[in-house]
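Residue numbers count from 1 along this sequence. As the structure is a computational prediction, the values presented were derived from the model and not from experiment.
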Amino acid sequence: MELFEKMNRVSLDDALRSAGGTIKGNAVVCPFHDDHKPSGSIYQKQDGSWSYYCHGCGWKGDVYDVRQILNGEKLHPSPGKPTNSKGPN
């Protein structure tokens, strides 16, 4: 199940929407900072898994990273993931 979810774009879309993101195609209004225009992108990595990157705040991660934030499990920034006002890191 875990591999399926990383490889499934819908799982990442659903997690980002649950976090407050708005998705149009591959563009995302980032749920992790005060964003009004799509500054995030959903993309498929070389291994076939789906990931998210925000060009505005620099947050990046996969469906599991987003879910950890939603569950309050991720409180500190990971390398390459800056802290921001909504505290996803």
Side-chain angles (χ1 to χ4, degrees):
M1 179 84 166
E2 194 170 302
L3 178 61
F4 172 76
E5 286 196 292
K6 278 188 92 160
M7 304 305 258
N8 186 354
R9 159 84 188 248
V10 175
S11 296
L12 179 57
D13 287 4
D14 289 347
L16 287 166
R17 282 190 185 101
S18 292
T22 303
I23 301 169
K24 293 182 181 179
N26 289 336
V28 181
V29 175
C30 185
F32 304 126
H33 70 98
D34 188 24
D35 199 8
H36 301 285
K37 295 182 180 178
S39 62
S41 300
I42 295 172
Y43 63 96
Q44 194 167 27
K45 295 165 63 173
Q46 287 185 343
D47 67 1
S49 66
W50 290 92
S51 197
Y52 170 74
Y53 177 72
C54 179
H55 304 275
C57 70
W59 196 90
K60 60 183 174 180
D62 62 22
V63 62
Y64 300 110
D65 295 316
V66 177
R67 286 184 183 159
Q68 284 182 321
I69 291 164
L70 289 172
N71 294 330
E73 297 169 11
K74 200 168 227 176
L75 303 176
H76 301 287
S78 299
K81 297 182 183 179
T83 303
N84 58 55
S85 61
K86 284 200 176 180
N89 300 310

Shortest non-hydrogen contact from [X] toward [Y]:
{"X": "S51", "Y": "D62", "answer": "OG-N, 4.2 Å"}
{"X": "A19", "Y": "V66", "answer": "CB-CG1, 4.3 Å"}
{"X": "D65", "Y": "W59", "answer": "CB-CH2, 3.8 Å"}
{"X": "V63", "Y": "S11", "answer": "CG2-O, 3.5 Å"}

Going from [atom1] on [X] to [atom2] on [Y], what distance comes out if it is rounded to the nearest 0.5 angstrom?
{"X": "S18", "Y": "I69", "atom1": "OG", "atom2": "CD1", "result": "12.5 Å"}
{"X": "I23", "Y": "L12", "atom1": "CD1", "atom2": "CG", "result": "7.0 Å"}
{"X": "K60", "Y": "Y43", "atom1": "NZ", "atom2": "OH", "result": "7.0 Å"}

Could you list the residues that satisfy salt bridge (Lys or Arg N to Asp or Glu O under 4.0 Å) with D13, not counting sequence neighbours?
R9

Hydrophobic cluster identity match, V29 and Y52, side-chain contacts under 4.5 Å
no

Does some side-chain heavy atom of V28 sit less than 4.5 Å from a side-chain heavy atom of P38?
no

Under the side-chain contact (heavy atoms from CB on, under 4.5 Å) test, which residues partner S49, sequence neighbours left out?
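If we apply the side-chain contact (heavy atoms from CB on, under 4.5 Å) test to S49, skipping adjacent residues, the hits are K6, M7, K45, D47.
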
Could you tell me which residues satisfy side-chain contact (heavy atoms from CB on, under 4.5 Å) with S39, sequence neighbours excluded, listed by chain and number?
C30, H33, D35, C54

